[in-house]
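Taking it in order: structure first as C-alpha cells, then the write-up.
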Amino acid sequence: MSNNNGYKLVQGNEACVEGALAAGMRFYAGYPITPSTEIAEISAQKLPQIGGKFIQMEDELASMAAIIGGSLAGLKSMTATSGPGFSLMQENIGYAALAEIPCVIVNVQRGGPSTGMPTSPAQGDIMQAKWGTHGDHPSISLTPNSVQETYEYTIKAFNIAEKYRTPVVLLMDETVGHMREKLKIKDSSEIEVINRKKPTCEPKDYVAYRPDEDMVPQMASFGEGYRYHVTGLTHDETGFPTNNNDVSGKLVQRIVDKVEKNIDDITYYEEYRMEDAEIVIVAFGGVSRAAKSAIDDMREKNIKVGMFRPITIWPFLEKQINDVAQKAKEIYVAEMNLGQYFLEVDRVAGKKCPVKKINKINGELITPNEITYAVTGGAIND
Amino acid sequence: MSNNNGYKLVQGNEACVEGALAAGMRFYAGYPITPSTEIAEISAQKLPQIGGKFIQMEDELASMAAIIGGSLAGLKSMTATSGPGFSLMQENIGYAALAEIPCVIVNVQRGGPSTGMPTSPAQGDIMQAKWGTHGDHPSISLTPNSVQETYEYTIKAFNIAEKYRTPVVLLMDETVGHMREKLKIKDSSEIEVINRKKPTCEPKDYVAYRPDEDMVPQMASFGEGYRYHVTGLTHDETGFPTNNNDVSGKLVQRIVDKVEKNIDDITYYEEYRMEDAEIVIVAFGGVSRAAKSAIDDMREKNIKVGMFRPITIWPFLEKQINDVAQKAKEIYVAEMNLGQYFLEVDRVAGKKCPVKKINKINGELITPNEITYAVTGGAIND
Amino acid sequence: MAEKSLLQNKDWCKGCGVCVGFCPKQVLVIENEKCVIAYPEKCIFCGQCELRCPDNAIYIVGGTKDE
Amino acid sequence: MAEKSLLQNKDWCKGCGVCVGFCPKQVLVIENEKCVIAYPEKCIFCGQCELRCPDNAIYIVGGTKDE
Amino acid sequence: MFQKMELRLSGSGGQGVILAAIILADAAIEQGINAIQTQSYGPEARGGSSKAEVIISKDEIKFPKVTNCDILLCLTQNSYDKYIASLNKNGILVVDESVNVNMNESYKIYKLPILDTAQNKIGTHMVANIVSVGTLYALIGEDVISKDVMIRSITNRVPPVTVDKNIYAFEEGIKLIRG
Amino acid sequence: MFQKMELRLSGSGGQGVILAAIILADAAIEQGINAIQTQSYGPEARGGSSKAEVIISKDEIKFPKVTNCDILLCLTQNSYDKYIASLNKNGILVVDESVNVNMNESYKIYKLPILDTAQNKIGTHMVANIVSVGTLYALIGEDVISKDVMIRSITNRVPPVTVDKNIYAFEEGIKLIRG
Amino acid sequence: MTNTNCNEMTQKYYRVDRMPHIWCPGCGHGTLMNTVVRAIDKVGLNKDDVVVVSGIGCSSRAPGYMDFNTLHTTHGRALAFATGIKMANPKLHVIVIMGDGDSSAIGGNHLIHAARRNIDITTIVFNNNIYGMTGGQFSPTTPYGDFATTAPFGNIDKAFDLCSLAQGAGATYVGRGTAYHAPLMQKLIEKGLENKGFSFIEGLSLCPTYYGRKNKKGNAFKMHSYFKDNCVDIKVVEKNPEKGENKILIGEFYNSPKTEYTEGYQVIIDKFQK
Amino acid sequence: MTNTNCNEMTQKYYRVDRMPHIWCPGCGHGTLMNTVVRAIDKVGLNKDDVVVVSGIGCSSRAPGYMDFNTLHTTHGRALAFATGIKMANPKLHVIVIMGDGDSSAIGGNHLIHAARRNIDITTIVFNNNIYGMTGGQFSPTTPYGDFATTAPFGNIDKAFDLCSLAQGAGATYVGRGTAYHAPLMQKLIEKGLENKGFSFIEGLSLCPTYYGRKNKKGNAFKMHSYFKDNCVDIKVVEKNPEKGENKILIGEFYNSPKTEYTEGYQVIIDKFQK
Ligand SMILES: Cc1ncc(C[n+]2csc(CCOP(=O)(O)OP(=O)(O)O)c2C)c(N)n1
Ligand SMILES: Cc1ncc(C[n+]2csc(CCOP(=O)(O)OP(=O)(O)O)c2C)c(N)n1
Ligand code: SF4
Ligand code: SF4
Ligand code: SF4
Ligand code: SF4
Ligand code: SF4
Ligand code: SF4
Ligand SMILES: [Mg+2]
Ligand SMILES: [Mg+2]
C-alpha cells in the first residue's frame, strides 16, 4: 500500500543505536547530556529486550570506565556524550587506547567551549577527538552527515574498534543527531560485522599483548580461561609493566602504527562533483549538506566547484587531500568552528594551493548561501 | 665568603613555586601526581607562612574548580599536575577560558598515554594543551627549559593570565621539573608583576563582561560590592546567558581574539646560533638543551646549524616560524613525542622548506648525539 | 497603614494553578493559561498564594508587617 | 606425613624484620638486610613468620594440613 | 507540479508543534518522497517558544534546514513576531485567530480558529497541533501525500487511546482550510 | 685544569645517593661554578635501585644528563652491573668493597669499605652516602670546591641533629681515598 | 514569616529584569528558591558578602535570578568551586544550590569531601528525583521502581538518602524540607546559614514536567499535596515512631558544630604571624 | 587456617615470576594481599572466574601479582571498570583492591555509587592513611593532626570512616580488619565474597616508608604492634562499650543482604524472554 521502499523516518540519534545494535553492541554505559541523550534513552529501551545491558553511570568518567570493563568481559560496548562529557572521558579514552580495548564513543557535538550552547550544533571538538587525552596515541573518528550514514558508520565504528582493538569516536553534530529523515535498516545478511580476534592458542601459551602480523594482539575475554593482566602503564608483550625504555617506546609506536599503517582500511570519504572541480570545498558532517547545496547552486552559474568530504576525520586522510590539492586551484575548509580541520588540510594541501577557511561558531548551521558567498565573494547570491 | 653571586641550587618544581609566589600566587589547590608533586608539597609549606592558602582537593577536577573559585574571590591561583590529571582538568580549563577567570595550570609532562611512564620525561601533551577541552577557546602555553626559566616563566604565566583573564598553562617536562641547577631569586623590585584590571566604575554601572579596547573586561572580585553573574553558558556583556546566536558567536570570537591579536605581547622565544644557520632545529623544554649541545658539536664541524626555541608554544608563533623558514634550507622539529609541534611548524614552514621530525617516546631525553645523527645522517658522531 | 490588597505580575505568571489549588477561598481561577484574581472580595489575605507561587507572580501588599 | 620444616625464599626477602619481631622463639635474625633462620632448632612452627611476612619469603612445609 | 516544500511550525513549548512536524515528515517518507524534520531547542531540554521545520521534496534533500519558507504556522503571537520575517513573499501564513497579524502583505494569510477548534470543538487544547496538521495538509495537497498515509502516520505517532480524537482534530483542521 | 666533570652515583633505594648528589651540586653552585643534578625514579616515587647524576662545569651546562661519565659510584652489586658500561674508559670507578668488580679495565678503580665505614666506624649505615660524598670530593679536588663550602653544603642539607655525624662521615670518606 | 513582604523581597533580592525564570509552570524550584532568599533576609546577610554557587541543571539556574555574587559552574562541581571561594576569602557567606543529579550523581565526590572537611558552606539541594534539565532521566534519588526515560521498565537503582549521605560524610548541620513545607525549609536554611561549618539542607522539589508526568503524579498542586500528606517531622517521629511508617521524614536531623575548615587553616597561618 | 599451606598457596595463586613485588620492606600491603588470596582459596573460587581490579597506587599494584584475570585501571576508577565487567558478565567474581586515596579521594564517587547499587563486587581497601605511591601526601583517611608532605604543619582535614561511608551509601556487607589481624581480615573477605551484593572490607595497612616515618611510628613491626594494642572487635565493644574507648573498631560491622543489581537487571531481561 505504501511505497516507502523500506524507509522510515528516524532521528539521527536513534539511527546510531540501530547501527550499534546491528553491529553487535550489547553493553551501553552512559550519562545523559544534550544533544546525545536520546542515544542513552533508546539504548535503555532496546538493550534488555535482546538480552543486552544498559547502565546509567554516575558520570562520564565512570561511563567510559564501565564500557572498557564491559568490553574486557566480552561485550561490544558503547557510550555517548557531548562536549563536557567528552572532556571528562579523555583520561579513560587514553587508557582504552594504550590497553587496546575496543569500544565506541559517540560525541554529538554542541556549541562550546564549556557549557556553551547546549542545544546548538557545532563542530568544535574535531581537534579534541584527536588530541584530547595526554600522550601520543592512536585516534580514529568518523563523521556521518545523514541519518542513514549515522546508522552505517556506527556499524563501521564498531568494526574498526574490534578489528584494531582501539577506541573509535563517532563524531556527530547536533544537526545530524537531532534531525529526522529516512533510514533503511539493513537486513543482517547485508551487514558486515567484524569481531575481535580471539586467541587461537591454549591459555598457557597466550601472550596477551603479542601482536600478530597486523600489529594487533589477539584478545581473550575475562572469564574464558586466559588469565592475563591489563594495565595503563607501558608494558611488554606479556601485558605486565616494564621499566625498559625501548619496550615502552615500541609499544606506543605500535599502537599508533597499527592505525596509521592500516589507514587505507579505515578511509571513508565522498567526492561530490569533483571531476572537473577547480575550487574544492572540504566539509563534513552537517556542514557538508550545506556545501552540497551550495555547489549545486554554483554549478548552475558554471562555477567549477566540488566537494571533498572526509568521513574518516582521523586519522587524517593525507593521501586523498594531497591528491585533491594536486588538481585544485583553491580549497575552502568549511566547518562550524574557528578552523580546526583546516589546520591539517592547510599543512598538507597548503604546499600546493591556497587553503582558506569558512567558519561559523554562533550555534547555527552554516548555510549554502554563506558558502557560496565565501567562495564567490558575493558575486552570485547577493 | 662564597662566590655564588646569589645563586642557589634549586629543583625545577621548586623554582616554579618560587616564581608563583613572586608573581603573587596566594592560593594553591591540587592533587598529587608524579612528577609534579613537589610543587604541591612546597606550596603547602610556604603559602601559610605568608598568609596564603593551600588545599589538597579530592581530585584534579576539584582542584581546577577550586582555583577558579579562588581567583574569583580575588587571589591569584594555581594548580599543578601531570598528564592524567591534566586530562581530568580539561572541562574546567574550558570553563575558565569561557568565563575569563585568570589562573595558572602547571603540567609537568611524563610519559603517556594513560598511566604510561609516570617517572619519565615526555612532551606528549603539547597538542592537548591547545586542544584538550571541547569547543574553540584561547590557549596559552609556555615551556621553560631550565630552573631559572621555570622561575621566570611562572611569573610571566601569572602576568599573562591576569592581563588577559584567561587560564595559562606552564608546560614543563619531567626533566626540567626534577633537575636541580642554579637559580637566582630576584628582588621584588626587579620583577614585573601584573594584576587584573579592577572595575573603574561604580557597582551600579558595572557591566561584568563588557570588554575594554584591549578586548578584556574589567574584573571585580566576589565580595567587593560588584554583584555579578558568572556562567559557562555563552552570555552577553552582562554575563547572563543568551540565546542570541550572534552574541554567543561573538563572545567566543572575542575570547580567542584577545589572545591571538595580542600575540606579540606574549611571544617568547630564543634563537641560538641562528645568524647564518641553514639548518634550523626547532626544540623546546628539556630537548632544547640537547639541541644546543648538538649544535655546538656540529658547529665545530662547520655545519651551519642553529636553533629556534619557542618558549611560547601556544599561541603558535606563526610569524617567527615563517621568518625562520624564509631563511632556512631545512628545519628539524625535535620533540619527545611522535611529532606534535611538528604539525604546526610543517603547516607554516613547510610551504617554504622541508620540515622533518626528530622524535623519541621511550621515556628518555633525546640526546645531543641523536640530534646530530638525525641532522647529519650520522656523518659525524658515529 | 495601608489596606491590604492582592496584586499580580501577569508577565511572570505561568498559569501553573498552584495558587488556585491552595487558595482556601476560591479567589483565583486560571484563564488563558494565566491566573486571574476572579473574586478579590473573597480574599482573606492568608498568604497561601504568595507563599506557594513558584514565580513570585502573586503577592499581598499593604497591611502590618509580621502578621 | 612429612616432617615440618621452615624454608625461605631469600630472593624475595626484603629484610623488613617483621618475622623477627613476631617470632616467639627468637629463631630469626636480620643479616645484610635479609632474614636468616639462625636457630631453626628452636622453631615451634607456630606460623607467625609465614602469616606476617609481607613478601611470602618464609614458610613452613610438611606436616598435617589444617593444624 | 509539486517538487519541494519547506514548512516552519511554531508555537509555545507545550503545543506540540514538533510532533506535528514529525507526523508530516513521517507521512511523506511513507508516501515514498523525501522528507527531513528538524527543530530548535531552548536551554538544554526545555524552553519557551518552540519551532519545528519540515522539508518535503521529490529530490534528495541536501541542506536540512528551511531556507525558503513556503508555509509558516504560528500558534502564538510570540512565534509570529519571531518568525514572520522568514516567510517567502509568495508563501502562505497560517495563524491562530488570536494572533494579530499585518494583513497587508504579499503572502497568503489564513487566520483560523485553530486553538478554539481544539479546545471547544474537539474538547482539549492538547490536539491543537493535530488540527494544525490538518490545515497544513490541506495546503500541501492530496496529490503529494495521500490522506490514508496521513491518517496512518497520525495513528502511529499519537498515544493509542487518543487516536480517534486526533483523527477528528485532523479532519477539522482540513475543514478550516477547505471550509 | 678542571673544566667539566660528570658523575653518576648509584645504589639501592634507601642509600641516599640522591642526597649525596645534591650536596655535591649544591657545593659547586655555592663555589660559583655551574652544576646540575638529575636522577631517575622507579615506578612513581619508589623502587629498587637508585641513580643520581651530577655535572659540574665552569661553563654553562647545556645537556643536563651525563653522557660521558667521569666518575661512577656504585654502592651495590646491582647498581654496578647496571651502570658500569656507562663509565668512560679513562674514568674512575668507586665501589663498595662488597661489590665484585672486573678489575681488568682501563678506568681507575677504587674499591673502598664505604658501607663498613658508615656502619662500623660512624655507627650507622645511614651515612654511607656522606662517606661516599667524601670519597668523591677527594677525587674532584679542593681546587674545584673548597672544603669549607662542602661542609656548609652538608650542614645545610642533613637533619640538624645529625650534622656532626655527617661531617665525620665526610672526613672519613676523604680518608678512604687519601688514606 | 519574614520581615520583608513578598514583593519587597522579590524586588530586593532578585534580578527582576531576568524574570520570569526559565522553569516550567509549577516547578518546585521557584518555591524553594524563595525559601533561600527569605532565609538570607531573615539572617540579615549583606548582599555583597553572599556568594551563591551552582552546577548545571534546572535547579542550578537559580543563582542567575538572585542578586548576589553568583556563579553558575560546570555540572557537579559547584562545591569544588565554592571551596576555592571560601578558602580564598573566608569572610564570604557561600551558599551552594544544586540538583539531585548535580549534587549526588556527578557531584557526589565533592559533596562528601566538602562535608568531611566541614568547610563553612551552606548547601541546598533541590531534589526533584529526576534529571530535569536533560529531560527526565532517573537520578540517584529516583525511587526504586519509578519510571524515567532511561528507566523505561522501572528503576532498579536504589536511591540515596542524601541527608544520611551528607551526615555520614561529616556535615555538621543536616535537615530536610519540601517545596510544600516552605516555612520549615526556610527555617532549616536559616540555621544552616548560622552554622559555622558544612550545612546540608535537602529541599524536596517537584518536576511536574518529567518526574510527575512519567510517574502519573498529577499536576503541581497534586504533587504539593503529596508532600503535605506524606511527610512527617522527625520530632514527631521521635516521640511516636509509628507515625513515621512509610512516611518521608523532614525536619532538622543533625546539628552538631565542629571546628570549621578555614578557621583550622587560619590557626596555621596565625602561627607564622607572631 | 587454610586448606592450602603457605607456599602451595603462593605457587597456586601468585604470578611468582613477577615477584618479589615492588613494595617497600615491611609494607602492609603484602600481608593484606595474602589475606585476599587465602579467602579466595577458602571460598573455593575457580581462578578463571575471578577478576581482580585495581586503580593506581602502591596497593593497586596487587593484582599484577595475582594469577587471575587482572585489571590495573586508572586512578580512582577501579569500581567503575568493575561495574562494567560485572554487568557484562555477572558470572564473574569481581574483586576490587584499592588504596585509601584511590577509593576515597579521587574514587569516592564510584565507591558510593557502587555501594548504592548493591552490585556484587567485593571491595577491599588497603588503607595506610597516606598516598604511598606519590610519596606521602595526606589522604582522606589521614588522622587529624598527623603529618604528611602536604600537611607539614599537621593535617586539618577530618578523616573519613570508610566503613561508615560505604555502609551509609548502601553496601550490604561491611567489615574492617588490619594487616596484623590477618585471620580476621581473611574471614571478612570470605564473607564478603559470599555476600551477593556490594561488600566493603577495609584492611588497615601500614606504610613504614612514608606514613610511619613522617609520624614517628617506628618500623613495620612496631606499626603491627600498634594495631595489636589499639584495635578491638565490635563484638567485644557491643558487650562492653567501655572497651571501645579510644580504640579502633574492627570486625564485621554490617551484614544485611538485599537485591543485587545485576540480578535486578536480569529480571527485566527475563521479561522479554518469554
Ligand atoms: C559533564 C556534563 N554531563 C552532563 C551534562 C548534562 N546535564 C545537564 S543538567 C543534568 C542533570 C540535571 O539534573 P539535576 O541536577 O537533578 O537538576 P534538575 O535539572 O533536575 O533540577 C545533566 C545530566 C552536563 N551539562 N555536563
Ligand atoms: C588522575 C591521577 N591523579 C593522580 C595520580 C597520582 N597518584 C598515583 S597513586 C596516588 C595515590 C595513592 O594513594 P593510595 O590510593 O592511598 O594508595 P597507596 O599508594 O597508599 O597504596 C596518586 C595521587 C594518578 N596516577 N592519576
Ligand atoms: S502559582 Fe503563580 S505562576 Fe502559578 S498560576 Fe498562580 S500566580 Fe501563576
Ligand atoms: S491570600 Fe489566601 S485567600 Fe487570598 S487569594 Fe491568596 S490564597 Fe486565596
Ligand atoms: S618478614 Fe619476610 S621479608 Fe621481612 S624479613 Fe622476614 S622473611 Fe624477610
Ligand atoms: S614458625 Fe614461629 S617459631 Fe618458627 S620461626 Fe616462624 S615465628 Fe618463629
Ligand atoms: S523540567 Fe522539571 S525541574 Fe526542570 S524546570 Fe521543568 S518542572 Fe522544573
Ligand atoms: S610507599 Fe608505603 S605503601 Fe607504598 S610500598 Fe612503600 S611502604 Fe608500602
Ligand atoms: Mg533533579
Ligand atoms: Mg594509601
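Keep in mind that the numbers below use all heavy atoms, side chains included, and drop hydrogens, waters and symmetry copies. Because the structure is a prediction, the values reported are computed rather than measured.
- Pairing each heavy atom of Pro152(H) with each of Ala44(B), the nearest pair is CG-O, 3.8 Å.
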From CA spacing to verdict: side-chain contact (heavy atoms from CB on, under 4.5 Å), Glu60(B), Ile106(H): CA-CA 8 Å; Glu60(B) 290 89 348; Ile106(H) 193 167; 3.5 Å; yes
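- Atom CD of Glu41(B) sits about 8.0 Å away from atom OG1 of Thr134(H), to the nearest 0.5 Å.
- More than 12 non-hydrogen atoms from other residues, nucleotides or ligands lie less than 6.0 angstrom from NZ of Lys47(H).
- Proximity to chain H (any heavy atom under 4.5 Å) is restricted, for Leu88(B), to the side chain, taken from C-beta onward.
- Residue His75(H) touches chain B through its side chain alone, counting heavy-atom pairs closer than 4.5 Å.
- Proximity to chain H is limited to the side chain of Pro48(B), based on heavy atoms less than 4.5 angstrom apart.
- Put simply, of Ile42(B), Ile55(B), Asp59(B), the one with the most heavy-atom pairs under 4.5 Å next to chain H is Asp59(B).
- Between Gln56(B) and Tyr131(H), the shortest heavy-atom distance links the atoms NE2-CE1, 3.3 Å.
- Summarising the local packing, NZ of Lys8(B) is surrounded by 12 or fewer heavy atoms from other residues, nucleotides or ligands at distances under 6.0 Å.
- Your options are Gln45(B), Met57(B), Glu38(B), and the one with the most heavy-atom pairs under 4.5 Å with chain H is Gln45(B).
- The greatest number of non-hydrogen atom pairs below 4.5 Å with chain H, out of Pro32(B), Gly85(B), Gly30(B), Ser43(B), is found for Pro32(B).
- Minimum heavy-atom separation, Tyr31(B) to Ala105(H): OH-CB, 3.8 Å.
- Annotation for Thr115(B) and Thr73(H): closest pair OG1-O, 4.2 Å, computed over non-hydrogen atoms.
- Contact annotation for Phe153(H): only side-chain heavy atoms (C-beta onward) come within less than 4.5 Å of a heavy atom of chain B.
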